[in-house]
Amino acid sequence: MTTNAALRDLAIDIATEAGELAQRRRSEGVAITATKTALADIVTEADREVEDLIRTRLAAERPDDGFLGEESGAAGGASGFTWVIDPIDGTVNYAYGIPAFAVSIAVVEGTPDPAQWRARVGVVHNPMTREMFHAVVGEGAYLGSRRLTVNTTVDAAGALVGTGFGYEAQRRVEQFEVLSRVLPIVRDIRRLGAASLDLASVAAGRLDAYYERGLWPWDHAAGALLVTEAGGRCGGIDGAAAGRDLLIAAAPELYAQLEAILSR
Ligand code: LIP
């Protein structure tokens, strides 16, 4: 019987190796961009290569587990556990050399659906800052060895709130309308560009809250566990699970205030 701690340690080891590859490809990629290939192709290649590394490690060390990855999709397993992977979360930051992207690795139990799964382990690693955020269900959230807690003393008027925007024009029009309701109320907005790092920032108290519509399961699988293990709440409106419709993350009292604003 594999313990949660063993799954976390494996996730950290794989995230470390994957982060080193992502960093290496980025530096090599800049040279290639300067000569011929479009930067977008560099990023896609790196995304795929990093996910391939993760998938290969897991096939060797956890052959009976399922897999759900941004680049290569889903594969069932016999163990009841699924590894939910975003190899490079913060793709645009990665392409531009902004040091705010992460390898996001989660282990969930049950159906690999955010509305049904039970997260057991979450790891979010920013190789540029060498920060390793990690959590095991029921055992707290950490940045390295430092225990994390969400900010619990802030209401909406004083809140620093992270958010993000999709890639489609029409969705951005809708997201701008929502932002026009939030911005006048809160302290300020931050758009970090990587959901996993937004969620890690809420867990670490670097943001008071985060919300976004249109996220994929791999964007938030690991970060959501960081938030809940740091004493926060992560979900949607009226008790819904976090998903494509909406994700809100904050301490419970601020969550309720944001939920009221976002559900208007
Ligand atoms: C990104 C998310 C971010 C969102 C971006 C994009 P990707 O994921 O992490 O929160 O605002 O539009 O979806 O594409 O970098 O893996």
Side-chain angles (χ1 to χ4, degrees), residues 15 18-19 21-23 25-26 29 39-55 68-74 83-106 114 122-129 131 133 160-179 182-183 189-203 206-207 209-227 234-236 242-250 258 262:
L21 175 60
Q23 257 189 305
R25 288 295 179 262
R26 178 69 187 80
L39 201 51
D41 297 343
I42 300 295
V43 177
T44 303
E45 285 169 13
D47 268 320
R48 288 199 188 113
E49 193 178 359
V50 172
E51 186 161 316
D52 285 348
L53 180 154
I54 296 170
R55 198 155 191 168
L68 174 59
E70 179 174 24
E71 301 305 322
S72 60
W83 293 73
V84 186
I85 308 295
D86 191 338
I88 300 176
D89 182 37
T91 305
V92 174
N93 290 347
Y94 182 77
Y96 279 76
I98 298 171
F101 58 87
V103 178
S104 180
I105 298 177
V123 168
V124 174
H125 173 47
N126 180 342
M128 300 303 284
T129 61
E131 291 179 316
F133 298 89
L160 186 63
V161 178
T163 192
F165 310 109
Y167 293 124
E168 304 82 18
Q170 180 49 43
R171 177 176 287 277
R172 288 184 168 187
V173 169
E174 296 159 7
Q175 290 171 327
F176 181 74
E177 189 280 323
V178 173
L179 181 62
V182 174
L183 184 56
I189 291 288
R190 292 290 184 272
R191 200 285 197 245
L192 303 184
S196 58
L197 291 178
D198 284 304
L199 290 163
S201 296
V202 171
R206 295 175 181 171
L207 287 175
Y210 165 64
Y211 76 91
E212 187 162 352
R213 297 181 190 276
L215 293 176
W216 295 101
W218 43 80
D219 290 324
H220 60 81
L225 185 64
L226 294 174
V227 170
C234 189
R244 293 277 290 161
D245 286 346
L246 182 63
L247 177 147
I248 306 171
L258 270 180
L262 294 169

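Indexing begins at 1, ligand by ligand and atom by atom, following the structure's order. Treat the numbers as computed from the prediction; the structure is a model and nothing was measured.
A distance-only check finds a donor-acceptor pair linking the side chain of Arg244 to the backbone of Gly214 [under 3.5 Å]. Arg25 contributes no side-chain N or O that, together with a main-chain N or O of Glu45, makes up a donor-acceptor pair within less than 3.5 Å. Judged by distance alone, the side chain of Asn93 and the main-chain N or O of Ala100 form a donor-acceptor pair under 3.5 Å.
Here the heavy atom of the protein found nearest to atom 8 (O) of ligand 1 is Asp89 OD1, 3.1 Å. Ranking protein heavy atoms by distance to atom 11 (O) of ligand 1, first place goes to Glu212 OE2, 2.6 Å. The single protein non-hydrogen atom nearest to atom 6 (C) of ligand 1 is Tyr167 OH, 3.5 Å, given as residue, atom name and distance. Looking from atom 12 (O) of ligand 1 to the surrounding protein, the closest heavy atom is Phe165 O, 2.7 Å.
Close contacts of ligand 1 with Ile88, meaning ligand atoms under 4.0 Å from a residue heavy atom, involve 16 (O). Taking every non-hydrogen atom of Gly164 and a distance limit under 4.0 Å, the qualifying atoms of ligand 1 come out as 11 (O). Numbered from 1 in the order shown, with element, the atoms of ligand 1 that lie under 4.0 Å from a heavy atom of Thr91 read 7 (P), 14 (O), 15 (O), 16 (O).
Of the polar atoms of Asp198, none of the N or O atoms is found under 3.5 Å from an N or O of ligand 1, judged by distance alone. Checked by distance only, ligand 1 and Ser196 stay at 3.5 Å or farther apart across all their nitrogen or oxygen atoms. Taking only nitrogen or oxygen atoms, main chain and side chain alike, Ala195 reaches within less than 3.5 Å of ligand 1. Looking at Gly166 next to ligand 1, no N or O pair under 3.5 Å apart turns up.
With Leu207 as reference, Leu192 is the one residue of Ile189, Leu192, Thr163 to meet the side chain to side chain contact (heavy atoms under 4.5 Å, CB included) rule.
The side-chain contact (heavy atoms from CB on, under 4.5 Å) check on Ala195 picks up Asp89, Tyr210, Leu215, Asp219, with sequence neighbours excluded. A search for side-chain contact (heavy atoms from CB on, under 4.5 Å) contacts involving Arg48 returns Thr44, Glu71, not counting sequence neighbours.
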Show your reasoning for whether side-chain contact (heavy atoms from CB on, under 4.5 Å) applies to Leu226 and Leu199. CA-CA 7 Å; Leu226 294 174; Leu199 290 163; 5.7 Å; no
Applying side-chain contact (heavy atoms from CB on, under 4.5 Å), run through Ile54 and Trp83 and close with a yes or a no. CA-CA 10 Å; Ile54 296 170; Trp83 293 73; over 6 Å; no
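Contact annotation: for Tyr210 versus ligand 1, heavy atoms closer than 4.0 Å belong to the side chain alone. Contacts of Asp219 with ligand 1, taken as heavy-atom pairs under 4.0 Å, involve the side chain alone.
Contact annotation: the side chain of Phe101 approaches that of Pro127 to within less than 4.5 Å [non-hydrogen atoms, C-beta and beyond].
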